[in-house]
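Here, residue 1 is the first one in the sequence, and each next residue gets the next number.
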Amino acid sequence: MAVYLTQKSKVLVQGMTGAEGMKHTRRMLAAGTDVVGGVNPRKAGRTGDFGDRRVPVFGTVRDAVEATGADVTVVFVPPAFARAAVTEAADAGIGLAVVITEGIPVHDTVAFCAYAAERGTRIIGPNCPELITPGQANAGIIPADITKPGRIGLVSKSGTLTYQLMHELRDIGFSTCVGIGGDPVVGTTHIDCLAAFQKDPDTELIVLIGEIGGDAEERAAAYVREHVTKPVVGYIAGFTAPEGRTMGHAGAIVSGSSGTAQAKKEALEAAGVHVGGTPTETARLVLARLESGTRRHS
């Protein structure tokens with residue numbers, strides 16, 4: 001099984017005809033993803049040439065859904081057009097929208113996340129690396145060849161750390177990796193992914209990567225304590241971050257004692273999560289937990 005994305009998913013790319021859209025569509029196709037169409041109102045009727053596969057371009061998401069049965073979209077449009085793109089996808093009945101675009105105004109994100117939720121569309125992101133189910137499908141920008149199918153579920157705010165943990169644990173492999181993004185508002189949270197991985201029979205252990213700022217990791221810790229029986233290993237980026245300074249992601253800012261890496265580490269450990277001090281140590285903790293058993297408190 002997989003979380004959110006499978007080999008049966010039919011994927012659209014909004015913004016496919018742009019440079020980034022073309023590059024990553026090619027990579028998604030190479031990973032086995034069933035990319036069934038692109039969307040660009042100015043280039044409707046054309047096709048994208050990807051060697052042995054030509055992908056049609058539609059004028060609207062609704063046209064693409066009606067013609068192809070698409071149920072997933074990957075959004076590569078510029079920030080100013082992201083709200084309209086996601087709204088259009090939700091109106092067309094798309095069940096999952098992976099929003100790669102960074103720099104989207106927070107008020108736009110709040111608006112399209114609320115709109116999508118009302119219409120049953122799950123948002124991954126924005127400002128996220130993607131969603132990948134190794135060996136099945138790849139929706140976004142994560143290189144598909146850095147890992148393999150396996151029994152670890154990964155949820156991460158950080159794209160770079162997603163790549164690193166996928167690579168370091170490539171011999172074990174992953175059921176699904178979800179890059180939720182590090183903006184102050186995101187459509188899918190750590191808790192959403194924890195719940196999904198808890199239900200997935202092929203996920204034996206969950207890796208949770210957080211970072212300084214906000215209280216998402218503290219809330220995730222409370223959820224783990226009450227609802228998760230599978231082992232969880234965590235890592236928090238930003239132990240050396242100076243107070244009051246943003247570090248990479250818009251949501252990664254510390255104010256006083258709120259949102260510090262140490263506070264998040266303590267909250268997770270109090271919930272039975274083993275937290276690594278570095279990504280490499282985190283990978284070693286994962287291996288040790290898999291060797292010692294699959295229940296969180298074993």
Please identify each residue that fulfils side chain to side chain contact (heavy atoms under 4.5 Å, CB included) with P149, with sequence neighbours left out.
P134
Just to verify, what does E66 make a side-chain hydrogen bond (donor to acceptor under 3.5 Å, both in side chains) with, not counting sequence neighbours?
none
Partner residues of R46 under the salt bridge (charged side-chain N to carboxylate O under 4.0 Å, His left out) criterion, sequence neighbours left out:
none
What pairs meet the salt bridge (charged side-chain N to carboxylate O under 4.0 Å, His left out) rule with one or both residues in residues 163-176, with sequence neighbours excluded?
none
By side-chain hydrogen bond (donor to acceptor under 3.5 Å, both in side chains), T189 pairs with (sequence neighbours left out) D192
Quick check: does any side chain N or O of T6 sit under 3.5 Å from a backbone N or O of K8, one acting as donor and the other as acceptor?
yes
side-chain hydrogen bond (donor to acceptor under 3.5 Å, both in side chains) partners of R53, counting only residues at least two apart
D34
Euclidean distance, H190 NE2 relative to K157 NZ, rounded to 0.5 Å:
6.0 Å
Indicate whether the side chain of R119 and that of Y115 have a donor and an acceptor atom separated by less than 3.5 Å.
yes
Verify, without hydrogens or angle tests, whether T176 (side chain) and T133 (backbone) share a donor-acceptor contact under 3.5 angstrom.
no
Does F81, at its CZ atom, have more than 12 non-hydrogen atoms belonging to other residues, nucleotides or ligands within less than 6.0 Å?
no
List for me each residue that meets salt bridge (charged side-chain N to carboxylate O under 4.0 Å, His left out) alongside R83, sequence neighbours excluded, and say none if there are none.
D108
Donor-acceptor under 3.5 Å (Q7 side chain, Q136 main chain):
no
Within the 3.5 Å criterion, strictly below it, is a donor on Q14 or T73 matched to an acceptor on the partner's side chain?
yes
Partner of I104 by side-chain contact (heavy atoms from CB on, under 4.5 Å), out of V86, T109, V185, N127
T109
Heavy-atom donor-acceptor pair, T68 side chain to A70 backbone, under 3.5 Å:
yes
Give me each pair satisfying salt bridge (charged side-chain N to carboxylate O under 4.0 Å, His left out) with a member in residues 126-146, each pair once, sequence neighbours excluded.
none
Indicate whether the side chain of N40 and that of T17 have a donor and an acceptor atom separated by less than 3.5 Å.
yes
Please check this pair: side chain of S292 against backbone of A288, looking for a donor-acceptor N/O pair closer than 3.5 Å.
yes
E88 vs T60, side chain to side chain donor-acceptor pair (under 3.5 Å): CA-CA, chis, key distance, verdict
CA-CA 8 Å; E88 181 185 355; T60 68; 4.6 Å; no
Salt-bridge criterion met for E218 and K264 (N-O under 4.0 Å)
yes
Sequence neighbours left out, what passes salt bridge (charged side-chain N to carboxylate O under 4.0 Å, His left out) with R42? Give chain and number order.
none
Counterpart residues, salt bridge (charged side-chain N to carboxylate O under 4.0 Å, His left out), relative to K23 (two or more places apart)
E20
Sequence-distant partners of R122, side-chain hydrogen bond (donor to acceptor under 3.5 Å, both in side chains), two or more places apart:
T188
Sorted by first residue and then second, give each salt bridge (charged side-chain N to carboxylate O under 4.0 Å, His left out) pair with at least one member in residues 69-80; sequence neighbours left out.
none
